[in-house]
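As the structure lists them, so they are numbered: ligands from 1, and atoms in each ligand from 1. Throughout, residue positions are numbered sequentially from 1 according to the sequence presented. None of these values were measured; they are calculated from a predicted model.
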Amino acid sequence: MVYIMLGAPGAGKGTVGKQLANAINANYIASGDVFRNIVNEETELAKEIKECINSGKLVPDELAIKTFIDRILPKDLNTDLILDGYPRTEGQAKHLDSLLESKGVKVNWAINIDVPSELIIDRIVNRRICPNCNSIYNLKYGKRPKKEGICDNCGSNLIQRTDDNEKTIKDRLHTYEINTKPLINYYEKQSKLKNINADENTSIDELVKKAIQYTI
Ligand code: AMP
């Protein structure tokens, strides 16, 4: 089974996707984590990707699709897979459909987390991540680190993503509206869309519970 996590930046795709993966024993892969790792490699490719990330733009489709094939899609598709952040454009989604079909699998559900836009910016500026194990925390909403600035999971120092500042967030939200939001319609047309509505009172546990129902 392949599940796609959809939603605006800061909607909680990563947090929910990881917990969902733990609950159903699936592989969880976030394309953003993969691209951030590439940025650390100090190559020409790293420079190009860094520019895209820091300006709130998407990595161009050709490069994103190549990275998906080379570094994101696991070789073993017998285990359930949760994809967070991929596909991000209709071009990627169409390519993914045909690639999976050639391997005898398909996207089962696209789980869309729908969060009011006024919540998003405050959530993102308060987000902290672990650069070592990619755990996600929030200083104001949901999971705070037990010890300030330190990852509960591996003890590394938490950081703020370079693109989690107000200016870049606005650009990322614009990119989302133009390029990624149309995927809601794309999967709806295929009868594969599952919507989860969330507001400031919805806990992560509630979101995860709903997401689990969609995988049964
Ligand atoms: P994320 O961690 O999902 O917010 O992704 C961080 C950044 O990585 C995005 O703003 C893009 O620049 C890049 N990125 C992640 N996934 C994709 C994708 N599927 N296609 C193009 N760019 C992507």
Side-chain angles (χ1 to χ4, degrees), residues 2-18 20-21 28-41 43 45-74 81-100 107 110-113 115 117 119-138 158-184 186-187:
V2 177
Y3 304 99
I4 309 285
M5 300 302 300
L6 287 181
K13 301 184 293 294
T15 307
V16 174
K18 277 181 196 170
L20 175 63
Y28 163 86
I29 304 185
S31 53
D33 290 342
V34 175
F35 285 122
R36 276 184 289 280
N37 283 340
I38 296 176
V39 166
N40 294 329
E41 290 173 8
T43 56
L45 174 67
K47 271 192 218 156
E48 191 181 340
I49 292 178
K50 189 177 180 179
E51 258 180 51
C52 296
I53 293 180
N54 287 345
S55 61
K57 293 201 182 84
L58 292 181
V59 173
D61 260 4
E62 201 185 330
L63 185 50
I65 289 173
K66 184 173 179 341
T67 307
F68 181 75
I69 297 169
D70 294 347
R71 307 209 197 194
I72 298 177
L73 187 69
L81 175 64
I82 296 173
L83 283 175
D84 166 9
Y86 196 98
R88 223 36 175 250
T89 65
E90 206 163 305
Q92 292 177 18
K94 285 186 178 152
H95 176 270
L96 178 65
D97 280 347
S98 53
L99 182 67
L100 291 180
V107 170
I111 300 174
N112 179 46
I113 306 181
V115 174
S117 49
L119 250 186
I120 296 273
I121 294 184
D122 201 35
R123 265 204 197 181
I124 300 186
V125 293
N126 282 294
R127 177 161 64 185
R128 298 293 180 272
I129 63 159
C130 174
N132 181 46
C133 70
N134 299 316
S135 294
I136 305 167
Y137 300 88
N138 202 292
L158 300 179
I159 58 162
Q160 185 168 28
R161 279 170 47 169
T162 52
D163 56 346
D164 277 355
N165 61 77
E166 235 176 275
K167 156 88 184 72
T168 313
I169 293 164
K170 287 186 178 145
D171 294 336
R172 284 161 64 200
L173 287 172
H174 180 72
T175 302
Y176 167 77
E177 289 290 326
I178 304 290
N179 296 290
T180 310
K181 209 173 173 185
L183 292 185
I184 295 178
Y186 178 86
Y187 287 112

May I have a table of the N/O to N/O pairs between ligand 1 and the protein that fall below 3.5 Å, each row giving the two atom names and the distance to 0.1 Å?
| residue | atom | partner | partner atom | Å |
| --- | --- | --- | --- | --- |
| ligand 1 | 2 (O) | Arg36 | NH1 | 3.0 |
| ligand 1 | 2 (O) | Arg36 | NH2 | 3.1 |
| ligand 1 | 2 (O) | Arg161 | NH1 | 3.1 |
| ligand 1 | 2 (O) | Arg161 | NH2 | 3.3 |
| ligand 1 | 3 (O) | Arg88 | NH1 | 3.0 |
| ligand 1 | 3 (O) | Arg88 | NH2 | 3.1 |
| ligand 1 | 4 (O) | Arg88 | NH2 | 3.3 |
| ligand 1 | 4 (O) | Arg161 | NH2 | 2.9 |
| ligand 1 | 5 (O) | Arg88 | NH2 | 3.3 |
| ligand 1 | 12 (O) | Lys57 | O | 2.7 |
| ligand 1 | 16 (N) | Ser31 | OG | 2.8 |
| ligand 1 | 16 (N) | Gly85 | O | 3.4 |
| ligand 1 | 16 (N) | Arg88 | NH1 | 3.3 |
| ligand 1 | 19 (N) | Gly85 | O | 2.9 |
| ligand 1 | 19 (N) | Gln92 | OE1 | 3.0 |
| ligand 1 | 20 (N) | Gln92 | NE2 | 2.9 |
| ligand 1 | 22 (N) | Val59 | N | 3.0 |

Pairs involving residues 3-13, ordered by first then second residue, that meet salt bridge (Lys or Arg N to Asp or Glu O under 4.0 Å) (sequence neighbours left out): none
Should Asp33 and Arg36 count as an ion pair when the cut-off is N to O under 4.0 Å?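 A salt bridge links Asp33 with Arg36.
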May I ask you to decide whether Glu51 forms a salt bridge with Lys47, counting only side-chain N to carboxylate O separations under 4.0 Å? no
Would you say the side-chain atoms of Gln160 pair up with the backbone N or O of Val125, donor to acceptor, closer than 3.5 Å?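 Yes.
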Nearest heavy-atom pair of Val59 and Cys52: which atoms, and what distance?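 Minimum heavy-atom contact is CA-SG, 3.9 Å.
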On a heavy-atom basis, which atom in Tyr86 and which in Ala64 lie closest, and how many Å separate them?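 Distance-wise, the nearest heavy atoms are CE1-O, 3.9 Å.
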